[in-house]
Amino acid sequence: MLADTGVTIRQADADDAVNGVRPRWVALPETVEEISAVLRACTEQDLAAVPAGGGTKLHWGAPPERCDVLIDLCCMNSLIEHAAGDLVVRAQAGLTMDALAAALAEQGQELALDPPFREHTTVGGTLATATAGPRAFRYGTARDLLIGITVVLPDGTIARSGGRVVKNVAGYDLGKLFTGSQGTLGVIAEATFRLHPLPAERRWLVATTPPADDVLLRLAASQAEPSAVEIDCPDGKEATIAVLVEGSAAEQRALALREVLGEGTVMAEAPEWWGLILRDDVLLEARFPPARAAGALAAAGEAGFAFRGSAAAGRAYLELWGEVSEEELAAAVTRLRGRIETLGGRLNVLATPYEGVDRWGQVSGLPLMRRVKERFDPGRRMSPGRFLGGI
């Protein structure tokens, strides 16, 4: 029984629902070993479990086929080790990204990830959903900065891969598998990341200008070395471009980028929309070749979606402003997916209240992903049905 594990267990309430599916219990483990005990009990009783961090993205993905136990990692919120000399940090999965950033900043360092929500986003949730922010253009995504991971498999086995120092990448594939898996392979308990020094300066070049592909590519390839090139287009018409420059002589480099862009204001603070997801009742993610960014932007606007994201990296979040029926949304997604695929890209529906919307489209790697799921979770007890193809 769950009560025999020694882990704090409470009855679930409506606020614990996972995309509308309410669990029976909530487990609050405080150690890796306690996560293991909970999952062993779930295996013995054939209970389905869903891990949760800050709860900011529990409505992303499909509703689980069943959810008996929500494994809430809020109590696993410690920064375990910060080896400042090695530019490495190890943290528990429930630590919030803003708390981690504050602790690292005291030593003049940072984890160069930009979570799309200001509060409550956790280390584990950032990995499980593979969310990427503006500076992924320069520094890479969570998967790129992850150098070690501790996970608990569905049968309770504790597995570790990677290493404490940057040079040791043994077992890194386990980190790659779990990043973006949406809790379907096990529970992420701890993570080790490569850090960067805090930049001496930051400047944003902000302009309202037609987002021509050649301009975006010239900005991205500039010797001024921008850290991010973002576009915000809330209405499908007028787009704002913001370019981030970090490090020494940031002001001068931003001015050099203004020559490329042809206009713009250099600012010491980011635009208020920078890197954020403002509304995600309906949320899509578009991937496309950077050289086709203008086409992706136009397609999103014609379909009635706001566009915000890293055009120079070929990735954007599409938000829907206004009410829409299930039939209307399904049709809009189908049309937009066709347009994005024609550009050589891909469209995923991260969040929607409607079951009749095709979230993923055709996925060529689905058979392989199903084999991985079978290998790690043959009993289908970890977030069953949450991921693409009903994984």
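Here the structure is a predicted model, which is why all the values come from computation and not from measurement.
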Should the pair F376 and F178 be assigned to parallel (<30°), tilted (30 to 60°) or perpendicular (>60°) ring geometry?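 Correct class here is perpendicular.
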Below 30° counts as parallel, above 60° as perpendicular, anything between as tilted: where do the rings of F288 and F307 land?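 Answer is tilted, since the angle falls between 30° and 60°.
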Out of the candidates D281, N19, D280, only one should pair with H59 under the side-chain hydrogen bond (donor to acceptor under 3.5 Å, both in side chains) rule; please name it.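 Checked D281, N19, D280 against H59; only one passes side-chain hydrogen bond (donor to acceptor under 3.5 Å, both in side chains): D280.
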With D16, the side-chain hydrogen bond (donor to acceptor under 3.5 Å, both in side chains) member among R10, R22, Q11: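 When R10, R22, Q11 are each tested with D16, the side-chain hydrogen bond (donor to acceptor under 3.5 Å, both in side chains) holds only for R10.
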Separation between [atom1] of [X] and [atom2] of [Y], rounded to the nearest 0.5 Å:
X	Y	atom1	atom2	value
F117	T122	CZ	OG1	12.0 Å
L318	C233	CG	SG	10.5 Å
F193	L146	CZ	CG	5.5 Å
D68	R381	CG	CZ	11.0 Å
I9	R24	CD1	CZ	12.0 Å
T141	D114	OG1	CG	12.0 Å

Would one find more than 12 heavy atoms of other residues, nucleotides or ligands at under 6.0 Å from atom CD of E341?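 Counting neighbours around CD of E341, more than 12 heavy atoms of other residues, nucleotides or ligands fall under 6.0 Å, so yes.
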What do you reckon, is NE2 of H120 surrounded by more than 12 foreign heavy atoms closer than 6.0 Å?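 No, because the 6.0 Å sphere around NE2 of H120 holds 12 heavy atoms or fewer from other groups.
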With distance as the sole test, does [X] use its side chain to make a donor-acceptor pair with the main-chain N or O of [Y] at under 3.5 Å?
X	Y	answer
S383	G183	yes
N348	E285	no
S222	L219	no
R253	S248	yes
K373	T184	yes
S310	A313	no
T240	A207	no
R337	L347	yes
T352	Y354	yes
D377	E374	no

Between [X] and [Y], is any pair of side-chain heavy atoms under 4.5 Å apart?
X	Y	result
L73	Q92	no
T192	V89	no
R292	I340	no
I147	V88	yes
L2	V69	yes
L39	D155	no
Q109	H196	no
R66	L47	no

Step by step, would you call L255 with V266 a side-chain contact (heavy atoms from CB on, under 4.5 Å)? CA-CA 7 Å; L255 291 172; V266 176; 3.8 Å; yes
Let me check something: do [X] and [Y] share a hydrophobic cluster, defined by ILVMFWY side-chain heavy atoms less than 4.5 Å apart, either directly or through other members?
X	Y	value
L283	V357	no
L95	M97	yes
L70	L28	yes
W60	L278	no
L145	L244	no

Can you name the nearest heavy-atom pair linking [X] to [Y], along with the distance?
X	Y	result
A159	L174	CB-CD2, 4.2 Å
A189	I35	CB-CD1, 3.9 Å
L343	A296	CD1-N, 3.3 Å
V18	C67	CG2-SG, 4.2 Å
R308	L276	CD-O, 3.2 Å
D358	V333	O-CG1, 3.9 Å

Derivation of the salt bridge (Lys or Arg N to Asp or Glu O under 4.0 Å) call for E110 and R202: CA-CA 14 Å; E110 66 172 347; R202 287 193 174 109; 3.0 Å; yes
Would R279 and E319 satisfy salt bridge (Lys or Arg N to Asp or Glu O under 4.0 Å), going step by step from the backbone distance to the final call? CA-CA 6 Å; R279 180 177 178 180; E319 303 173 15; over 6 Å; no
Single hit among V349, V282, T334 for side chain to side chain contact (heavy atoms under 4.5 Å, CB included) with L329: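 Only one option passes, and that is V282.
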Could you check E65 against R380 for salt bridge (Lys or Arg N to Asp or Glu O under 4.0 Å), going step by step and ending with a plain yes or no? CA-CA 10 Å; E65 295 168 5; R380 291 185 58 78; 2.7 Å; yes
[X]-[Y] side chain donor-acceptor pair, cut-off 3.5 Å:
X	Y	value
Q182	T129	no
E328	S325	yes
S36	R40	yes
S227	E246	yes

Tell me, with the steps shown, if D144 and K176 meet salt bridge (Lys or Arg N to Asp or Glu O under 4.0 Å). CA-CA 9 Å; D144 300 309; K176 288 183 178 179; over 6 Å; no
Going through the checks in order, is the side-chain contact (heavy atoms from CB on, under 4.5 Å) test met by T56 and E119? CA-CA 9 Å; T56 57; E119 300 176 343; over 6 Å; no
Let me see the working for V152 and T157 under side-chain contact (heavy atoms from CB on, under 4.5 Å), right down to the final yes or no. CA-CA 6 Å; V152 184; T157 300; over 6 Å; no
Salt-bridge test for R160 and E190: reply yes if a basic N is under 4.0 Å from a carboxylate O, no otherwise.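 Salt bridge between R160 and E190, a charged N being under 4.0 Å from a carboxylate O: no.
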Should D86 and R194 count as an ion pair when the cut-off is N to O under 4.0 Å?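 Result for this pair is no, no salt bridge flagged.
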Kindly indicate, with the supporting measurements, whether the criterion side-chain contact (heavy atoms from CB on, under 4.5 Å) is fulfilled by L79 and R90. CA-CA 6 Å; L79 194 163; R90 182 161 66 101; over 6 Å; no
